[in-house]
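Below is one structure, written out as structure tokens, with a few remarks after it.
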There are 2 protein chains.
Amino acid sequence: MNLSELSREFVLHFGEMGSRWGINRTVGQIYALLYVAERPLNADEIAEALAFSRSNVSMGLKELESWRLVRLQHLPNDRREYFSAPEDVWAIFRTLAEERRKREIDPTLSMLRGAIMATPANEADRFAQKRMKEMHDLIELATMWFNDVQRLEPETLKQLMKLGARVQKLLEMKDKLKVVTGAKAQGR
Amino acid sequence: MNLSELSREFVLHFGEMGSRWGINRTVGQIYALLYVAERPLNADEIAEALAFSRSNVSMGLKELESWRLVRLQHLPNDRREYFSAPEDVWAIFRTLAEERRKREIDPTLSMLRGAIMATPANEADRFAQKRMKEMHDLIELATMWFNDVQRLEPETLKQLMKLGARVQKLLEMKDKLKVVTGAKAQGR
DNA sequence: TTGAATTTTCAGGAAGTTCTGAAATTATAG
DNA sequence: CTATAATTTCAGAACTTCCTGAAAATTCAA
């Protein structure tokens, strides 16, 4: 298991990027390696390819499993565990987004909710609450939207993205239609 | 400058969250403090409120300036520099997204482009390139879309988000319309 | 069972980062 | 200019995170 120039560059880059995010270098590299690997790899192969200690790889894989970013499987007549990255790139991004939501966004939202509900002690508190409410509403809207939209078919999503800013025209069209047909509730 | 219970909780939470992202605890707290402050604060006030050394605050503010997340201003008859967080929450998120794109996404895209263009040395390389291309295309589509959509009015964006998954209906409607009116180019 | 293969845990050293106080630099009022 | 206020820089101490090798635990074939 020795890496080609091409894959090595990819793996190293992901290591650096990983450490910019919460994920550490080792974990980033392991993930990148699995992503470009043609077949599932076992821990020894990973350790050799990346020149990490066996135990480091074990911990990295644990981390990736907790992020649900790797699949564990067994090959016939081989006791070792083999790991691979899910094939569908859209699914990978969805998982990543979902996990981050659970770990970072949800706790933030609940902290904000608590703070907004609390009785303000003075004018400064009232102002702070106003600011927190603005942030809360934006985050909530964005996550609900994300939640909603990530369940669409990748093809639909692609279509929407390709539309880009022209989605505005579509929205305007929709509103006009509502006016013409005399629908009562606008927006939601 | 002493913090109310309410603001302190917010500030501490942001400190922790900050360290989950690349941003460190100090920087997260400084930002949170400015975000809920009614008026611009100077470095000494920040240092006192958060019980950080003056120099630590100085470095934190530098970092925030490099992310374009704080505004620097001067008050009449006061030599000190006063800092504040932009008021528009949507603008804040846009800035954050833009900066991350510049620092993390763009370099990744160019690395991927380079790797995809390179001549593959063997079958494994060819496979790796296929995977990299999938990732490249998804990231590129998503960033182009983001770029496009972030220029829309916050109101339009809100409307789109509230629509959520029902956007699918709108897309279908659009396609039917195209068929009916006999438009030639579909999608883009 | 036993024992070899495999994986996990963990103490502690290595590496990296954060934070401080002191000194240097910069800005400006007089 | 000079003196003082304000800010920045920086070496190193304090703290955190990462990584390893050794030992423990688990798994499974025989």
Side-chain angles (χ1 to χ4, degrees), chain A residues 1 11-12 14-34 39-67 70-84 103-104, chain B residues 1 11-12 14-34 39-67 70-84 103-104:
Chain A
M1 193 71 221
V11 161
L12 291 178
F14 255 75
E16 298 316 317
M17 276 306 147
S19 53
R20 285 203 149 278
W21 286 60
I23 274 164
N24 76 33
R25 205 169 46 83
T26 319
V27 174
Q29 291 194 13
I30 295 176
Y31 184 73
L33 176 63
L34 293 174
R39 57 177 184 80
L41 302 177
N42 66 46
D44 284 311
E45 289 173 317
I46 297 170
E48 198 209 331
L50 303 178
F52 293 149
S53 74
R54 184 58 189 55
S55 56
N56 195 4
V57 170
S58 175
M59 286 162 120
L61 287 169
K62 267 276 145 73
E63 176 83 11
L64 286 170
E65 279 185 276
S66 85
W67 282 92
V70 294
R71 272 165 30 77
L72 164 62
Q73 62 200 287
H74 282 277
L75 300 191
N77 298 324
D78 193 334
R79 277 169 59 180
R80 287 169 296 183
E81 297 179 317
Y82 283 80
F83 297 87
S84 58
R103 297 170 196 221
E104 292 158 24
Chain B
M1 192 70 222
V11 161
L12 291 179
F14 255 74
E16 297 317 316
M17 275 306 146
S19 52
R20 286 203 149 277
W21 286 62
I23 273 163
N24 77 31
R25 205 168 48 84
T26 318
V27 174
Q29 292 194 12
I30 295 175
Y31 184 73
L33 177 63
L34 292 175
R39 57 177 183 80
L41 303 177
N42 65 47
D44 284 311
E45 289 173 316
I46 297 171
E48 199 209 331
L50 303 178
F52 292 150
S53 74
R54 186 54 232 305
S55 56
N56 196 3
V57 170
S58 175
M59 285 163 122
L61 287 169
K62 266 276 146 72
E63 177 80 11
L64 285 170
E65 280 185 275
S66 85
W67 282 92
V70 295
R71 272 166 30 77
L72 165 62
Q73 61 200 288
H74 281 277
L75 300 190
N77 297 323
D78 192 335
R79 279 167 59 180
R80 287 169 297 183
E81 298 179 318
Y82 282 79
F83 297 86
S84 59
R103 296 170 197 222
E104 291 158 24

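Proteins come first, then strands; the chains are lettered A, B, ... in the order of their sequence lines, and each starts at number 1.
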task = Specify the separation, in whole Å, of atom CD of A:E81 and atom C1' of D:dA25.
result = 14 Å
ask   = Which whole-number value in Å describes the distance from B:L50 CG to C:dT18 P?
value = 16 Å
query = A:N77 CG to C:dA5 P: how many Å, rounded?
reply = 16 Å
inquiry  = Could you check whether any side-chain heavy atom of B:I46 comes within less than 4.5 Å of a side-chain heavy atom of B:L61, counting everything from C-beta outward?
reply    = yes
key: Non-hydrogen atoms of B:Q73 and B:S84 that approach each other most closely   = NE2-OG, 3.0 Å
note = When rounded to whole Å, the CD1 to C1' distance for the pair A:I46 and C:dT7 reads 13 Å
task = Considering non-hydrogen atoms only, spot the tightest contact between A:V57 and A:F52 and give its length.
result = CG2-CB, 4.0 Å
query = In whole angstroms, how far is the P atom of D:dC19 from the CG atom of A:L61?
reply = 14 Å
inquiry  = What I want to check is whether an N or O donor and acceptor connect the side chain of B:R80 with the base of D:dA6 at under 3.5 Å.
reply    = no
request  = Measure from the side-chain heavy atoms of A:D44 and tell me the nearest of C:dT7, D:dC28, C:dT20.
outcome  = C:dT7
query = Taking N and O atoms by type only, does the side chain of A:R79 place a donor or acceptor under 3.5 Å from a partner on the base of D:dT27?
reply = yes
ask   = Any salt bridge between B:E45 and B:R39, counting N to O under 4.0 Å?
value = yes
ask   = Which pair of non-hydrogen atoms, one from B:V11 and one from B:A32, has the smallest distance, and what is that distance?
value = CA-CB, 3.8 Å
inquiry  = Nearest whole Å is fine: how far is D:dA13 P from B:N56 CG?
reply    = 18 Å
task = Please confirm whether the backbone N or O of B:Y82 pairs with a side-chain atom of B:H74, one donor and one acceptor, at under 3.5 Å?
result = no
Close side-chain approach of B:W67 to B:R103, heavy-atom, < 4.5 Å = yes
ask   = How long is the line joining CD of B:E45 and P of D:dT7, in whole Å?
value = 11 Å
key: Nearest listed nucleotide, side chain of B:F52, among D:dT20, C:dT20, C:dT8   = C:dT20
task = Between B:D78 and A:R54, just flag the one whose closest nucleotide in DNA chain D comes earlier from the 5' side.
result = B:D78
So which protein N/O to nucleotides 9-17 of chain C N/O distances come out below 3.5 Å?
none

request  = Would you indicate what A:R25 reaches in the nucleic acid, counting non-hydrogen atoms under 4.0 angstrom: base, sugar-phosphate, or nothing?
outcome  = sugar-phosphate
query = Expressed in angstrom and rounded to an integer, what is the separation of B:L64 atom CG from D:dT7 atom C1'?
reply = 16 Å
